[in-house]
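One structure below.
We name chains A, B, ... by the order of the sequence lines, and we start the count at 1 in each one.
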Number of protein chains: 2
Amino acid sequence: MMASDVWKEYESNEISHSVAHHLTAIHELMDDLGYARVSDVARALEITRGSASLTLKALKARGLVVEDHNKFLKLSEDGRRIVDSILAKRAVVRKFLNEVLKLDEHQAEVDACKVEHLLSAQTGGQLLHFVHFLLSDDPTARQFLAEFWSKLDQNEEWQWPVQDVDQLFNLESR
Amino acid sequence: MMASDVWKEYESNEISHSVAHHLTAIHELMDDLGYARVSDVARALEITRGSASLTLKALKARGLVVEDHNKFLKLSEDGRRIVDSILAKRAVVRKFLNEVLKLDEHQAEVDACKVEHLLSAQTGGQLLHFVHFLLSDDPTARQFLAEFWSKLDQNEEWQWPVQDVDQLFNLESR
DNA sequence: ATCAGTTGTTTTATTAGCAAAACATCGGTT
DNA sequence: AACCGATGTTTTGCTAATAAAACAACTGAT
């Protein structure tokens, strides 16, 4: 069975990686500086002003960014909601990778950044439930994590990529 | 603190989504048909032969795909290793989303497909450890999952995106 | 008032990834 | 031999996202 019908949904993502970071840059600049202009976004993303100008023009046209009477940028209601969902997913994924899977902070940050805009709202929500419970005070969760981490220390023998994950899981097919 | 230094690593990914699926298509075609030509890849991915031809030419140049004396394609040793790591990550993510987070199979498939080529080997490995233990016979894992799922049923009240994930987790900063 | 620096935009070019169309080749039928 | 269908490649064009460079406009200092 070919995954032909699935793999193209990647591009159909309305929020690209680039757009996600233009929007979150505006959000963070508003927090840090109190304002966000084209140049500030360009500096934050380390791209040229010209590139930022073009992308932000498109975002204004899409109604995700609004422009002040004096060229000051702001997120629209829609833009704000998108940024919220992206930052929420990023935070959850980062926390899971770093605090549960014990990946170093940089790795967690990088992988969370790559993935944040791709996860569906459902996936983000379920992952939030999961991580929240997993890191809660619940004794079962505590015990589970403790056991997992102790196993992690012993399990340095696995190599990656594993030759046959399906067999490891007793998966029936792919 | 801007994530300026991190977000650009996205493009620096040596394996793009498109390349990942060209390679895995060859792998699956070899399994299913016993061979893989340009047209077969194009059909599997539902793109034109011309597009597949160009992409595969680049992959031959990169040494990930080799061509038979009669235009039959095969994965090189490098290509094979890349496909293995991608399929392993896809399988683990899909299993986690579907069997742990209880997302429906289609959603799990789509999200796994979007993410598979972006996860680092470290992340993939740790996630494999985690899911393997989580779905094992270990009584602590069993009990943890049972409790999580029972909470899931009660917890239909959460809305997504959550307004303030950081507060939910008592995160200190971002 | 001029000059320098910052800002925003536009134009030109590049790359990845696709489609569409033209073209060439090969294999089997008739 | 002529034709047809499948195959592979190339060319042209498109979109998104970038850089680079030219340009215009505003700001502040002298």
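- Across the protein-nucleic acid pair, B/L23 atom CG and C/dG17 atom P stand 11 Å apart, rounded to whole Å.
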Q. What one-letter contact string describes nucleotides 6-24 of chain D from 5' to 3', where B marks a base within less than 4.0 Å of any protein heavy atom, S marks contact via sugar-phosphate atoms alone, and - marks no contact?
A. -BBBB------SBB-----
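- Between A/D84 and A/R81 no salt bridge is recorded (no basic side-chain N to carboxylate O distance below 4.0 Å).
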Q: Take A/F96 and B/F96 through the test ring-ring contact (aromatic ring centres under 6.0 Å, His included) and record every step on the way to the result.
A: CA-CA 13 Å; A/F96 178 65; B/F96 178 64; 5.8 Å; yes
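- Within a 6.0 Å radius of NZ in A/K102, more than 12 heavy atoms belonging to other residues, nucleotides or ligands are found.
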Which donor-acceptor pairs under 3.5 Å do side chains of residues 49-56 of chain A form with protein atoms, sequence neighbours excluded?
| unit_1 | atom_1 | unit_2 | atom_2 | d |
| --- | --- | --- | --- | --- |
| A/S51 | OG | A/T48 | OG1 | 3.0 |
| A/T55 | OG1 | A/S51 | O | 3.2 |

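- To the nearest angstrom, C1' of C/dG17 lies 13 Å from CG of B/L56.
- Applying the ring-ring contact (aromatic ring centres under 6.0 Å, His included) rule to pairs touching residues 44-68 of chain B yields nothing, sequence neighbours excluded.
- Computed from coordinates, the A/L33 CG to C/dT7 P distance equals 11 Å when rounded to whole Å.
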